[in-house]
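Each remark here refers to the structure printed beneath this line.
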Amino acid sequence: MIGKGFGKRTRIPKILLDKPTSRQSERLSSSLEENETKLHAIFESCSDVVFRSFYIGGQQQRAFLFYIDGLVDTAQLDESLLRPLMSGALPEPFDEIPELLPFLQNRLIMISQVSQTAEYAQIELEILKGSVVICVDNQSEAIVVGLAGGNTRSVDEPASESTVRGSRDSFTEILRTNTSLIRRRVRSSRLKIEMLTVGEITRTDVAIAYLKGITNESALQEIKSRIHDIEIDVVLESGYIEQLIEEKTYSPFPQFLVTERPDYLAAALLQGQVAIFTDGSPFAISAPMTFWGFMQAGEDYYERVLYINGIRMIRFVFALIALLLPSLYVALTTFHQQMIPTNLLLSIAAAREGVPFPALVEAILMEVTFEGLREAGVRLPKQVGQAVSIVGGLVVGQAAVQAGIVSAPMVIVVSLTGIASFTIPRYNFSIAFRLLRFPLIILAGMFGLYGISIGLVVILVHLSGLKSFGVPYLFPVAPVTWQGLKDALFRAPLWTLYLRSQPVGRKAKRKGSG
Amino acid sequence: MPARMLLLLIFVPLLSGCWDRVEMNDLSFFMASGLDSTEDGKLKTTIQIPISAGAGSGEGGKPSTGAFGKTYYAVSAIGINIYDAERQIQQRNSRHFFKGHRRVVFIGEALAKKGIQDILDYYSRDPGSRLRTYLVVAKGGEASELLQNDHPAERIPAEEVRELELSGVGTSVTFRDFMMMQNRDGIVPVTGAVELVPPMLDPNNSAASKFKMFRLSSTAVFKDYRLVGYLNDVETRSLRWIKNESKEEYFGNTLPGLSGNIGIVINDFKSKVNVTMNGNHARVIVQLLGTGSINETNVNLNLSELSNMTIIEKRFGELISQQTLRTVKKAQTEWKADIFGFGLHLHQFHYQTWKKVRAQWDTVFSEADIVVTAKINLRRSGIIGNSLEHHGAEKR
């Protein structure tokens, strides 16, 4: 059952601009001048390229090095590469050294990451990745020295996922840093990190990380082959990969965990998920993911069990509020007045007196305004952010009520809904609730509670049919497994959670294939 | 899948006939209705409707009032039946009637005496009305008077009557209760009866004479859908005790055989009814059990002595059984109406006997021997020991 029945592949857009050229197979010549001209031709008008010619060991052996300024650790380049090469003693006679390049590698280049290559395409890629390429006269191969450095952001506190308790580091834009943050937490050779390059122009490094033996092999193979199949020019963020390999593009529900917290990603890996890092993005993605996984925060496992179960309950209640409160309000006030307690009804009726719009229009108006305010708050520079909250909170909220354009209960409903949508721990998951709110409001305005139930049934049907890389989205509640229920709606004490709760895990795989 | 889902959503409106959306500001909520009979035999219906702008709390929590400084208004019309009258009221009222929140229905005394069978049909048939609406008789007056009486505390006066019914101070009967009692064998239905009384006893107090208050003290007895009489407050208390409906009652009485008086609160009531038939003669044994405490005493007794407490318990029990016996006798002699459900007891526990006496139960009940015993258990005597005057210099 599990691992089979992957959804259909979404169409992958082909926007190939840069056709592979003939230089792909072209090799270095033994003439230093020729190589120099060729490299200059490749990097023509690239002002950030640095070319430096020198003599090895003060002898007549000419050589040059080539790199891109800013991508390379220049201090180390000068100290550990250029200095030994230029001042290091070479045995006499110089010409009698049989293999010059291995000799240089072994004796003079005091840098750990060194390799040899002869292809221009390879050399070009290495230079672009931040390596230093050394060409020596009369040699038809070049030495590639990994000296990537330059200015990068340091590991910071997570900006979009904060916790009270838990580690304070977060992923950065550098893929290596990110994988190292994971490796630090999972000190196991089972943690495999495979590298791929995606993007014809950007040539972005993409790393697939998983725990061998724990992860679901079929999901892993599927993820790998989907990433392999991607043909796209530009990958700027992990979101590109996510959208190109997810199964249901038109589902409001996300199928990937998106996180910038290494501890949370490590937990996902240990549950058997497959993580994907994208160079240049501080957000790692991971799948297969379930509905309940999105309702959990990393802190759920750090804090004590009673507190966390209370918090989880609040989260589920507020998720329902985020989804349903405005539509329930519309349905109750326009269709089912008998369901509201009398005194509350009188208060609402008094507040609604003089409001020009029907409750449905009022609700949509306020919800759209709220979403607009939120969007403005996210995009605006920090300096102007306060203006938005003042305008949004005071002007729109209070003034609209005083002017009699919207009723005060509606403002309460909308703000409560807004707060509720923030309690959903995963940002990409809360988007689904914000989105589905609107069709539900319209249904409620048209058919009352009947419409809401229809809407909920449609959502439920969709959720039950949804799969993330072969794993049913509602697992372990539907299909139900007793072991899995220990960590879905509630979390059992840690010592009872010795079995992996996700079907992607080894135990479930055994169950599924057996 | 999304396309299929969309298709489904498109079909939903076509399938449904449920287009009954009404905005709240197009509704007028019935808070209470009053029914009276006119002299020419027609029905006068009065409706109490909140003024929305006034009934809820206004801006900044300050109460706001409607056009005439009121939070509600009352409308009435005369028709051949309730719907006819309501139709006429609707002609004067642009907002649709909404009866789901009606709290109380008042029945004028004249109408109650004439019979309320026709009215009950409407309240049980109309799906918009709730069976949990309280049914109250306007004692000694017209229902429309009660609907126009301002209450100093409640914004909607009918709310006060509902709260009174809920608080357990008197008989509280909803339409549901009434119809259940009516349809049961061996019990005669009763309802609460509310009258308007001045808040202060001094009639010249001008501030207090501006409004009247609702008083729920009596119980109206309906025999064959007709009001036949009332039980007063003490009799109501006995009735409720026998029917096991009391929750908490205050008693302030002079005890027979003791000088002085006492105030007792009873908060645990039990009653046990036993009906035995001897031929056509019924013998009813009512055992009352009450647990409570003494909260006021002016009796020259040392209450820290257990024996003295026993004396009070005994005397108080005698008083209660006398009161109860008087109540039962009243129902027996005045109306021949078994409001206590003794017949129901027979019906439930001695069905074969009941079948024989069912037809003439009213007569059997009126001739029945009644024995009432009351056992009172006083657990506490307040936070002081003896009465203060017991220690004082001016001993009486």
Side-chain angles (χ1 to χ4, degrees), chain A residues 7-8 247-252 329-362 398 401-402 404 407-409 439 442-451 453-455 457-459 461-462 465-466, chain B residues 1-9 11-13 15-32 49-61 63-66 71-72 95-96 98-103 127-130 132-133 154-156 158-159 162-163:
Chain A
K8 276 188 186 161
E247 318 199 8
K248 288 254 167 43
T249 309
Y250 293 111
S251 171
Y329 177 80
V330 169
L332 289 186
T333 55
T334 55
F335 285 94
H336 315 284
Q337 289 91 356
Q338 63 270 35
M339 288 180 72
I340 310 173
T342 308
N343 290 327
L344 179 62
L345 179 90
L346 290 180
S347 295
I348 296 177
R352 272 206 57 79
E353 201 67 34
V355 173
F357 304 112
L360 170 66
V361 176
E362 204 187 350
Q398 206 178 340
V401 172
Q402 273 175 355
S407 60
I442 292 169
L443 279 173
M446 279 163 69
F447 310 112
L449 285 180
Y450 171 68
S453 355
I454 290 287
V457 164
V458 170
I459 292 172
V461 165
H462 170 71
L466 198 61
Chain B
M1 192 57 196
R4 239 182 296 161
M5 264 159 40
L6 216 66
L7 210 69
L8 194 77
L9 282 182
F11 276 117
V12 168
L15 290 170
S16 129
C18 172
W19 196 273
D20 50 0
R21 186 180 71 88
V22 190
E23 288 298 329
M24 227 180 233
N25 27 9
D26 296 330
L27 289 175
S28 50
F29 301 100
F30 283 22
M31 298 313 288
I49 299 169
I51 299 171
S52 282
S57 59
E59 192 65 46
S64 59
T65 49
T71 52
Y72 72 95
R95 300 184 174 202
H96 286 285
F98 191 88
K99 299 163 193 163
H101 281 281
R102 179 156 40 198
R103 316 303 240 158
S129 297
R130 285 190 179 181
R132 285 177 61 195
T133 310
E154 294 288 344
R155 306 171 66 82
I156 310 295
E159 188 67 23
R162 176 177 167 268
E163 297 290 336

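What you see is a predicted model, and the numbers here were worked out from it, not measured in a lab. Every chain is numbered from 1 and lettered A, B, ... according to where its sequence line falls, protein lines coming before strand lines.
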Does the side chain of [Y] come within less than 4.5 Å of [X]'s, by heavy atoms?
X	Y	result
A:Val355	B:Glu23	no
B:Ile51	A:Glu353	no
B:Arg162	A:Thr342	no

- Task: Quick one: closest heavy-atom pair of A:Gln337 and B:His101, and the distance?
- Result: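 Looking at all heavy atoms of both residues, the shortest contact is O-NE2, 2.8 Å.
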- Query: Where is the tightest heavy-atom contact between B:Pro50 and A:Leu346, given as atom of each residue plus distance?
  - Reply: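 Residues B:Pro50 and A:Leu346, closest heavy atoms: CG-CD2, 3.6 Å.
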- Query: Under a 4.5 Å heavy-atom cut-off, does chain B meet the side chain of A:Pro439, its backbone, both or neither?
  - Reply: neither
- Item | chain B contact via A:Ile348 - which portion, at a heavy-atom distance below 4.5 Å | both
- Note on the structure: So OG1 of A:Thr334 and CG of B:Asp26: to nearest 0.5 Å the spacing works out to 11.0 Å
- Message: I'd like to know whether A:Ile340 forms a side chain to side chain contact (heavy atoms under 4.5 Å, CB included) with B:Met24, so could you lay out the CA-CA distance, the side-chain angles of the two residues, the decisive distance to 0.1 Å, and finally the verdict.
- Response: CA-CA 12 Å; A:Ile340 310 173; B:Met24 227 180 233; 3.8 Å; yes
- Message: Quick check on the interface: out of B:Arg130, B:Arg103, B:Glu159, who has the most heavy-atom pairs with chain A under 4.5 Å?
- Response: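 Sorted descending by pairs with chain A, the first entry is B:Arg103.
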